[in-house]
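Have a look at the structure below before the remarks.
So you know, we letter chains A, B, ... as the sequences are listed, proteins then strands, and number each from 1.
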Protein chains: 2
Amino acid sequence: MAGKRTRATIKDVARRAGVSPTTVSHAFSGNGTVAAETAERVREAARELGYRPDTVARGLRSSRLGVLGLVVRPLDPLDTAFLEGVDYFLRFAGSAALAAVERGYGLMLVPDPTRADAPAVGLACDGFLITEPVENDPLITMLTRECVPFLGVGRDPARPASPDYLDLGTGRIVAEVLDHLAAAGGSRVAAVLGTDRNEWNLDAETAYLDWVRARGQRPLAVRRAEVAGEAGGREAGEELFGMAEPPDAVYCQTGRHAAGVLAAARARGLAVPGDVRIACGADSDSEHTRSSVPPITSVDLRPVRLARTAVAVLADRVEGIEPPVPGPAEYELIVRGSTRG
Amino acid sequence: MAGKRTRATIKDVARRAGVSPTTVSHAFSGNGTVAAETAERVREAARELGYRPDTVARGLRSSRLGVLGLVVRPLDPLDTAFLEGVDYFLRFAGSAALAAVERGYGLMLVPDPTRADAPAVGLACDGFLITEPVENDPLITMLTRECVPFLGVGRDPARPASPDYLDLGTGRIVAEVLDHLAAAGGSRVAAVLGTDRNEWNLDAETAYLDWVRARGQRPLAVRRAEVAGEAGGREAGEELFGMAEPPDAVYCQTGRHAAGVLAAARARGLAVPGDVRIACGADSDSEHTRSSVPPITSVDLRPVRLARTAVAVLADRVEGIEPPVPGPAEYELIVRGSTRG
DNA sequence: ATGAAAGCGCTAACAC
DNA sequence: GTGTTAGCGCTTTCAT
């Protein structure tokens with residue numbers, strides 16, 4: 001397979017066209033000045049030889065490879081079995097790749113380049129998209145130090161807001177879901193939160209506490225790791241429904257948690273909706289929210305559009321343009337059976 | 001943003017550690033032999049300087065960048081608006097990226113590198129995954145000529161079967177769906193096929209013709225471009241249902257076509273299922289098959305697993321290993337309301 | 001308008 | 001075990 005045939009180089013083309021490598025370079029990059037006739041001859045020679053300028057060599061000089069990196073936090077080392085089920089991620093990554101290609105970039109998914117075992121190619125990217133940076137994200141520290149452009153999709157919760165981060169508007173979203181739960185008849189709303197220290201979780205917690213207190217109630221929040229998935233949600237549900245004063249509505253941060261809470265409620269013989277309303281802040285995993293019985297009310301975070309926006313901003317930055325900073329991301333509450341009896 | 005700070009080079013480290021660049025290189029690549037103590041000194045100097053070997057420069061010498069390219073056919077130039085809706089693609093790409101990372105590679109979505117306007121970085125990949133190669137795919141011609149490893153996900157219909165292609169087993173799948181339509185009561189089964197000249201379409205056509213003829217019936221096939229989507233399917237449905245002897249079952253190649261056929265049937269007042277059964281060969285787009293009324297029977301092609309397999313084979317090949325050739329891809333028929341009355 | 005020469009950062013021979 | 005010397009393929013001054 002990996003044969004010996006070596007690609008034609010700029011020298012080969014130069015020789016064949018009877019010019020110098022410099023001229024060939026100019027003819028291709030449009031940088032210097034070449035007589036139209038010479039350029040044609042060069043182009044012809046190149047065609048005959050099947051020559052294409054080598055991107056890597058070019059990148060070595062220009063320190064631009066034409067590649068954008070996508071880092072998915074906080075799942076590092078990438079827990080692929082987990083991620084594969086997460087629609088949100090799949091859609092984000094697919095759409096980002098598409099948007100990048102449209103801008104003439106390649107988009108590469110890379111593991112955290114600050115890790116010792118990271119593939120070296122991770123460092124070669126011209127810029128990075130970091131989904132859900134964590135508190136004091138080490139990658140952000142590193143990129144800032146090395147002056148590599150990046151864009152957080154979600155804020156680094158420990159750093160001040162800045163044009164380096166796309167605002168997810170988590171607080172807004174959570175408040176709307178909580179309002180919906182209340183409108184659906186929930187009078188005592190609990191929350192199942194995640195444990196990753198990112199904007200999504202930290203702002204959600206704040207929003208939940210604010211919302212509950214504004215209504216003069218006592219917060220009732222439990223926490224389960226994202227990767228604990230449905231089993232974690234089930235545990236959380238059992239904990240909540242086993243209380244002396246159990247909640248009649250539960251807000252969850254992930255679709256899997258919500259599915260687990262739903263299972264726990266049903267196992268206790270609670271009607272959903274009826275005895276308990278369940279809703280989820282992120283339609284991260286359609287298998288769990290759309291396909292459960294009843295399907296779970298959730299929020300479409302529009303990952304496809306979000307990715308597109310993120311790539312546009314990052315590409316601008318890589319090219320030295322200071323792009324306008326988009327406002328909080330759009331989203332849509334999708335009301336399903338779990339809150340609509 | 002794009003500051004001037006320049007990264008430490010191998011020379012800087014060499015100077016600081018009081019050794020030669022070669023020694024530093026060896027210390028990092030583990031290639032030559034370095035005294036343990038020297039290696040430690042080098043490592044320390046590197047740490048102090050924040051040095052990381054430059055992948056691009058390294059790639060220039062080794063002609064290995066550590067990047068796998070993913071080319072999506074036959075949608076070139078990438079029709080992103082279209083692709084974004086195609087779950088199959090999103091899942092395949094996301095999963096492939098994940099699998100690549102696990103193997104220490106980056107995975108990059110690139111437009112057809114044989115196109116003149118393609119981002120040059122496309123050529124820099126160490127190997128290529130080509131989903132659904134088209135007849136006499138020019139990219140395959142080029143890669144073969146340049147001895148670049150590749151793997152077709154699906155055969156190039158015009159070339160002989162070979163280890164260079166993953167077998168989708170299209171014929172098997174189509175036959176099973178047709179059998180299912182018959183079992184569900186269909187006695188005259190029509191087909192709505194696509195127009196892309198790839199394994200999926202060409203083998204499906206053959207399989208359909210074989211199946212119909214084996215039952216002593218006359219084939220009834222219409223064709224609509226994949227990108228025509230639901231509207232195309234609707235047209236096809238109108239054509240079919242307007243016939244003197246209309247079919248009572250329709251096999252479709254894409255979820256969107258199926259959704260269109262369904263709409264056409266309902267517009268005519270036909271009951272689905274009942275008067276007409278509809279099924280689809282590929283659960284390519286869940287919005288259209290899962291969420292239609294009734295939901296449409298379809299086939300899960302397991303893109304997540306398929307991508308994983310493909311990446312494994314390609315990575316082996318890039319590394320000079322001749323991997324075992326996997327058999328036809330797995331799939332699962334998902335029976336839904338459109339064939340289950 | 002064209003070319004010669006000097007590298008980009010790294011690694012592979014080949015000395016020592 | 002370590003250093004010297006040549007480049008990888010390209011771009012870029014700077015001459016001509």
Open item on the list: Nearest to the side chain of B/Ala35, heavy atoms from C-beta on, is which of C/dT2, D/dT12, D/dG1?
Closed with: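 Nucleotide nearest to B/Ala35's side chain: D/dG1.
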Task: Residue of the set B/Leu168, B/Asp196, B/Val153 for which side chain to side chain contact (heavy atoms under 4.5 Å, CB included) holds with B/Glu132 - done: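 In the set B/Leu168, B/Asp196, B/Val153, the residue that makes a side chain to side chain contact (heavy atoms under 4.5 Å, CB included) with B/Glu132 is B/Leu168.
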Open item on the list: Need one value for A/Val19: base, sugar-phosphate or nothing, where a base atom within 4.0 Å counts as base even if backbone is also close, heavy atoms only.
Closed with: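 Sugar-phosphate: the residue A/Val19, judged by heavy atoms under 4.0 Å, touches backbone atoms but no base.
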Task: 5'-most by nearest nucleotide on DNA chain D - A/His26 or B/Gly32 - done: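 Going by which nucleotide is closer to the 5' end, it is B/Gly32.
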Open item on the list: What verdict does the side chain to side chain contact (heavy atoms under 4.5 Å, CB included) test give for A/Leu68 and A/Phe150, after you've listed the backbone C-alpha separation in whole Å, the side-chain angles of each residue and the deciding distance to 0.1 Å?
Closed with: CA-CA 9 Å; A/Leu68 269 23; A/Phe150 70 91; over 6 Å; no
I'd like a table of atom pairs between the protein and nucleotides 7-10 of chain D - only N or O on both sides, under 3.5 Å - with the distance next to each one.
residue, atom, partner, partner atom, Å
D/dG7, N2, B/Arg61, NE, 3.0
D/dG7, N2, B/Arg61, NH1, 2.7
D/dG7, N3, B/Arg61, NH1, 2.9
D/dC10, OP1, A/Tyr51, OH, 2.7
D/dC10, OP1, A/Asp54, N, 3.1
D/dC10, OP2, A/Ile10, N, 2.4

With a 4.0 Å limit, can you tell me whether [X] has a side-chain N or O closer than that to the phosphate oxygens OP1/OP2 of [N]?
{"X": "A/Asn31", "N": "D/dT12", "result": "yes"}
{"X": "B/Thr38", "N": "D/dG1", "result": "no"}
{"X": "A/Ser20", "N": "C/dA4", "result": "no"}

Task: Residue pairs involving residues 27-69 of chain A (criterion ring-ring contact (aromatic ring centres under 6.0 Å, His included); sequence neighbours excluded) - done: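 Checked against ring-ring contact (aromatic ring centres under 6.0 Å, His included) - neighbours excluded - the pairs reaching residues 27-69 of chain A are A/Phe28-A/Tyr51.
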- [ ] Go through A/Arg73 and A/Asp137 one step at a time and tell me if the side chain to side chain contact (heavy atoms under 4.5 Å, CB included) criterion holds.
- [x] CA-CA 9 Å; A/Arg73 289 230 181 277; A/Asp137 202 302; 2.5 Å; yes
- [ ] Check the side chains of B/Arg159 and B/Thr141 for a donor-acceptor pair under 3.5 angstrom, ignoring hydrogens and angles.
- [x]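 Distance-only check passes for B/Thr141 and B/Arg159.
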Open item on the list: Please compare B/Phe28 and A/Thr33 by the position of their nearest nucleotide in DNA chain C and report the one closer to 5'.
Closed with: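 Going by which nucleotide is closer to the 5' end, it is A/Thr33.
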Task: Interatomic distance, B/Leu65 CG vs C/dG9 C1' [rounded to whole Å] - done: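 Rounding to the nearest Å, CG of B/Leu65 and C1' of C/dG9 are 14 Å apart.
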Task: Separation of D/dG1 P from B/Glu37 CD (nearest whole Å) - done: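 Those two atoms, CD and P, are 13 Å apart.
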Task: Side-chain-base donor-acceptor pair under 3.5 Å for B/Thr22 and C/dA12 - done: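 Such a pair is found, so the answer is yes.
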- [ ] Give a yes or no on whether B/Arg305 atom CZ has more than 12 heavy-atom contacts from other residues, nucleotides or ligands under 6.0 Å away.
- [x]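 It does not: B/Arg305 CZ has 12 such atoms or fewer within range.
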